[in-house]
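As structure tokens, the structure follows; a few thoughts come after it.
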Amino acid sequence: VQPVVESGGGSVQAGESLKLSCTAPGFANNRCVLNWYRQFAGKPREFISQIDNSGRTWYTDSVKGRFTISADKVKDTVYLQMNSLKPDDTATYFCKTTEGRTGSRACDQVDWGQGTQVTVSS
């Protein structure tokens, strides 16, 4: 099974923006939920945002109002637009498909990718 592929990370100054991409095999066809996570150094991954196959979105409080998740079903790609970045956003960002309530089992069988590193300097 192919893994997800994250890209778009980099090093920026506080207040600047980045747009991350996640190519997730089968996202559209399997009606998956796509989740973004981030992992701070030395800590486990934490959930930050998700979008379902109908376009409904959810954000954790720490990123709400600054990050926007969107999907391009034709490309099986989900984006995370990150504005007003803070040093506390420095982390490795991962994405993952899950079955949710309407997806197929295949959504849960896609491997984790390597993540993409975001570094925000003050």
Between [X] and [Y], is any pair of side-chain heavy atoms under 4.5 Å apart?
{"X": "S21", "Y": "E6", "result": "no"}
{"X": "L85", "Y": "L18", "result": "yes"}
{"X": "W36", "Y": "K96", "result": "no"}
{"X": "V78", "Y": "D72", "result": "no"}
{"X": "Q81", "Y": "I69", "result": "no"}
{"X": "L34", "Y": "C95", "result": "yes"}
{"X": "D89", "Y": "M82", "result": "no"}
{"X": "N53", "Y": "F27", "result": "yes"}

Taking atom [atom1] of [X] and atom [atom2] of [Y], what is their separation to the nearest 0.5 Å?
{"X": "Q13", "Y": "T119", "atom1": "CD", "atom2": "OG1", "answer": "11.0 Å"}
{"X": "R38", "Y": "T60", "atom1": "CZ", "atom2": "OG1", "answer": "8.0 Å"}
{"X": "C32", "Y": "I51", "atom1": "SG", "atom2": "CD1", "answer": "12.5 Å"}

More than 12 heavy atoms from other groups under 6.0 Å of CD on Q39
yes
Could you list the cluster mates of V5? Members are the ILVMFWY residues connected by side-chain heavy atoms closer than 4.5 Å, either directly or through other members.
none
Decide salt bridge (charged side-chain N to carboxylate O under 4.0 Å, His left out) for E99 and R105; before the verdict, give the C-alpha distance in whole Å, the side-chain angles of both, and the deciding distance to 0.1 Å.
CA-CA 6 Å; E99 185 175 354; R105 185 175 299 177; 5.6 Å; no
Establish, from distance only, whether the side-chain atoms of Q50 and D52 form a donor-acceptor pair under 3.5 Å.
no
Is it the case that the side chains of Q117 and T92 hold a donor-acceptor pair, with the cut-off being a distance below 3.5 Å and no angle test?
yes
T23 and P25: which non-hydrogen atoms are nearest, and at how many Å?
O-CD, 3.7 Å
Can the positive tip of K64 be found less than 6.0 Å from the middle of the six-membered ring of Y59, inside 45° of the ring normal?
no
Cluster check L20, V120: I/L/V/M/F/W/Y, side chain < 4.5 angstrom
yes
Result for ring pair (Phe, Tyr, Trp, His ring centres under 6.0 Å) between Y37 and one of Y93, W112, F94 points to W112
Apply the test side chain to side chain donor-acceptor pair (under 3.5 Å) to residues D108 and T98: give CA-CA distance (whole Å), side-chain angles for both, the deciding distance (0.1 Å), then the verdict.
CA-CA 5 Å; D108 290 328; T98 52; 4.9 Å; no
